[in-house]
Trainee: 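Okay, handing you the structure first.
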Number of protein chains: 2
Amino acid sequence: MDGGGRIAIGALSKHTGTNIETVRYYERVGLLPAPARSSGGYRLYGTDHLKRLNFIRRARALGFSLAEVQKLLTLADQRRRPCADVRIVAAAHLQDVKAKIADLRQMQRVLKDTVARCEAGTGSHCPMIDALYTDAEAAARRPATVRR
Amino acid sequence: MDGGGRIAIGALSKHTGTNIETVRYYERVGLLPAPARSSGGYRLYGTDHLKRLNFIRRARALGFSLAEVQKLLTLADQRRRPCADVRIVAAAHLQDVKAKIADLRQMQRVLKDTVARCEAGTGSHCPMIDALYTDAEAAARRPATVRR
DNA sequence: CCTTGAGTCTGGAGTTACTACAGACTCTAC
DNA sequence: GTAGAGTCTGTAGTAACTCCAGACTCAAGG
């Protein structure tokens, strides 16, 4: 059970839906252990790599940063009751997600309003541009946790 | 009315809540026009710069990318009815924001569930770790438009 | 006039999480 | 043995800043 699947990087990539370059990137930054190599230097992965990579992808899909994924993996690696620690990481991330949703909803509200005024307006100037030039009220107030 | 406020970068930075480095960055990438200089090479800004920088910050606070801000500024600069064009940019961005909210809500749901199971669980293994190792159902399904 | 301390200058590197090459090499099947 | 697909390394690019070093400027006080 030490994983002897012996698959090349392309197969691993396909099985996990991960870009080949991304797999190598994960290895470079230490998320995925360096696999065995063929005589010619090809990476050969086992089932343990497959599992670990799936773990990473799922955590990423839930919005965990690579640093958080690293933490979770470390916790998962040590058998003895990491559950409380895991919960701390996950709960913190959940708070993050909540804050982002709140921010985005605020954006959405202002955007909707302004676009609506834009559609209604028949004047010579644009309500959207006006808002950006002169409103302090709507935007620019909050730090905005969400980055693009 | 061609803006002769003559303030240095630090003052501009304070007035707009923008980092000094960010102001220079905006100039470098062409969002903010290069201001006049003092004899010693200090940047000297006028009220037009102040207005433009405020525009940029408000648009950014609404989640517009710098490329979008660039577009909006160009549209704002040309007097003749850019409102329809502005609305196109803003509406597209609004769709973006909506999609991100949907994604984040999905994340939030799964995270909440799993954290809750984590809190309830008294067994020896962690439901969060389990989910990441074995669930295909919850995560990894959607491409996730939101990046951190 | 000189000094001092805060402000500003430039250029370059670092951040996150990848993605995209180029040019060389390997592997497999025929 | 050769063709074609797969893989290798290393480097550079993306977005939107942020930070740093080392040099220079500016305004006020003595």
Side-chain angles (χ1 to χ4, degrees), chain A residues 6-32 34-45 49 53 55-73 93 96 100 103 143-148, chain B residues 6-32 34-45 49 53 56-73 93 96 100 103 140 143-148:
Chain A
R6 317 285 91 192
I7 60 172
I9 198 167
L12 183 72
S13 161
K14 235 158 240 159
H15 278 307
T16 58
T18 313
N19 200 326
I20 288 183
E21 325 267 9
T22 305
V23 176
R24 286 197 282 249
Y25 171 74
Y26 286 161
E27 178 182 330
R28 204 162 60 247
V29 299
L31 274 182
L32 205 55
R37 298 285 186 129
S38 75
S39 55
Y42 279 27
R43 288 173 179 81
L44 295 174
Y45 296 96
H49 287 100
L53 183 50
F55 184 107
I56 296 170
R57 297 308 286 177
R58 286 175 193 139
R60 292 288 300 130
L62 285 176
F64 286 100
S65 69
L66 288 191
E68 286 167 334
V69 174
Q70 183 67 282
K71 257 187 233 168
L72 291 174
L73 278 169
H93 177 52
D96 247 46
K100 272 178 201 164
D103 258 18
T145 58
V146 179
R147 313 236 168 270
R148 296 162 45 96
Chain B
R6 317 285 91 194
I7 59 171
I9 199 169
L12 184 73
S13 161
K14 236 158 239 160
H15 278 307
T16 58
T18 312
N19 200 326
I20 288 182
E21 323 269 7
T22 306
V23 176
R24 287 197 282 248
Y25 171 74
Y26 286 160
E27 178 182 330
R28 204 162 61 247
V29 299
L31 274 182
L32 205 54
R37 298 286 185 127
S38 76
S39 57
Y42 279 28
R43 288 172 179 81
L44 295 175
Y45 296 96
H49 286 100
L53 183 51
I56 297 169
R57 296 310 285 177
R58 285 174 193 139
R60 291 289 298 130
L62 284 177
F64 286 101
S65 69
L66 288 191
E68 286 167 333
V69 175
Q70 183 68 282
K71 258 187 232 168
L72 292 175
L73 278 169
H93 178 52
D96 247 47
K100 272 177 199 161
D103 256 21
T145 59
V146 178
R147 311 237 168 271
R148 297 161 46 94

Trainee: For DNA chain C, which residues in residues 9-26 of chain A have a heavy atom at a distance below 4.0 Å?
Mentor: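 Within residues 9-26 of chain A, the residues near DNA chain C are N19(A), E21(A), T22(A), Y25(A), Y26(A).
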Trainee: To the nearest Å, how far apart are I7(A) CD1 and dC27(C) P?
Mentor: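 The answer, rounded to whole Å, is 17 Å.
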Trainee: Apply side-chain hydrogen bond (donor to acceptor under 3.5 Å, both in side chains) to S13(A) and list each qualifying residue two or more places apart in sequence or on a separate chain.
Mentor: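 Scan of S13(A) (side-chain hydrogen bond (donor to acceptor under 3.5 Å, both in side chains), adjacent residues dropped) gives none.
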Trainee: With Y25(B), which residues qualify under side chain to side chain contact (heavy atoms under 4.5 Å, CB included), at least two apart?
Mentor: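 Checked Y25(B) against side chain to side chain contact (heavy atoms under 4.5 Å, CB included); matches are R28(B), V29(B), L66(B).
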Trainee: If you assign each of L66(B) and G40(B) to its closest nucleotide in DNA chain D, which residue comes earlier from the 5' end?
Mentor: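 Per heavy-atom nearest nucleotide, the more 5' residue is L66(B).
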Trainee: Taking only residues two or more places apart in sequence or in another chain, which ones pass side-chain hydrogen bond (donor to acceptor under 3.5 Å, both in side chains) with Y26(B)?
Mentor: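 In terms of side-chain hydrogen bond (donor to acceptor under 3.5 Å, both in side chains), with neighbours along the sequence ignored, Y26(B) is linked to R57(B).
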Trainee: Applying side-chain contact (heavy atoms from CB on, under 4.5 Å) between T18(B) and each of L32(B), V23(B), I9(B), report the one that passes.
Mentor: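 So the option named by the test is V23(B).
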Trainee: Please confirm whether the shortest side-chain N or O distance from S38(B) to OP1 or OP2 of dG7(C) is below 4.0 Å.
Mentor: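 No, because none of the side-chain N or O atoms of S38(B) sits under 4.0 Å from OP1 or OP2 of dG7(C).
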Trainee: How would you list, by chain and number, every residue that makes a side-chain hydrogen bond (donor to acceptor under 3.5 Å, both in side chains) with Q70(B), sequence neighbours excluded?
Mentor: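 If we apply the side-chain hydrogen bond (donor to acceptor under 3.5 Å, both in side chains) test to Q70(B), skipping adjacent residues, there are no hits.
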Trainee: Taking the side chain of S39(A) as heavy atoms from C-beta outward, which of dA17(C), dC17(D), dC27(C) is closest to it?
Mentor: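 Looking only at side-chain atoms, S39(A) lies closest to dC27(C).
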Trainee: Tell me the bend of the helix from dC1(C)-dG30(D) to dC30(C)-dG1(D) as the angle between end helix axes, each from five pairs, rounded to the nearest 10 degrees.
Mentor: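 One end's axis against the other's: 20°.
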Trainee: Could you tell me whether the phosphate oxygens of dG12(C), OP1 or OP2, come under 4.0 Å of any side-chain nitrogen or oxygen in R28(B)?
Mentor: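 No.
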Trainee: S65(B) and R60(B): which non-hydrogen atoms are nearest, and at how many Å?
Mentor: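 In terms of heavy atoms, the two residues are closest at CA-NH1, 3.8 Å.
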Trainee: With salt bridge (charged side-chain N to carboxylate O under 4.0 Å, His left out) as the test, would you mind laying out the steps for E21(A) and R24(A) before giving the verdict?
Mentor: CA-CA 5 Å; E21(A) 325 267 9; R24(A) 286 197 282 249; 3.7 Å; yes
Trainee: Mind calculating the distance between CZ (R6(B)) and P (dA27(D)) to the nearest angstrom?
Mentor: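 Answer to the nearest Å: 14 Å.
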Trainee: After noting the C-alpha distance and the side-chain angles of H49(B) and L53(B), does the key distance pass the side-chain contact (heavy atoms from CB on, under 4.5 Å) rule?
Mentor: CA-CA 6 Å; H49(B) 286 100; L53(B) 183 51; over 6 Å; no
Trainee: Quick one: is R37(B) getting a side-chain N or O under 4.0 Å of the dT10(C) phosphate, OP1 or OP2?
Mentor: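 For R37(B), the contact criterion (side-chain N or O under 4.0 Å from OP1 or OP2 of dT10(C)) is met.
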Trainee: Within this structure, what is the CG-to-P distance between L44(A) and dT26(C), rounded to whole angstrom?
Mentor: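 To the nearest whole Å, that distance equals 14 Å.
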Trainee: Distance check needed: dC18(C) P versus E27(A) CD, whole Å only.
Mentor: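 One finds 15 Å between P of dC18(C) and CD of E27(A), rounded.
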Trainee: Do any N or O atoms from the side chain of H93(B) and from the backbone of L62(B) form a donor-acceptor pair under 3.5 angstrom?
Mentor: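 Present.
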Trainee: Using heavy-atom distances to pick each residue's nearest nucleotide on DNA chain D, tell me which of Y42(B) and A8(A) is more 5'.
Mentor: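 On the 5' side of the pair lies A8(A).
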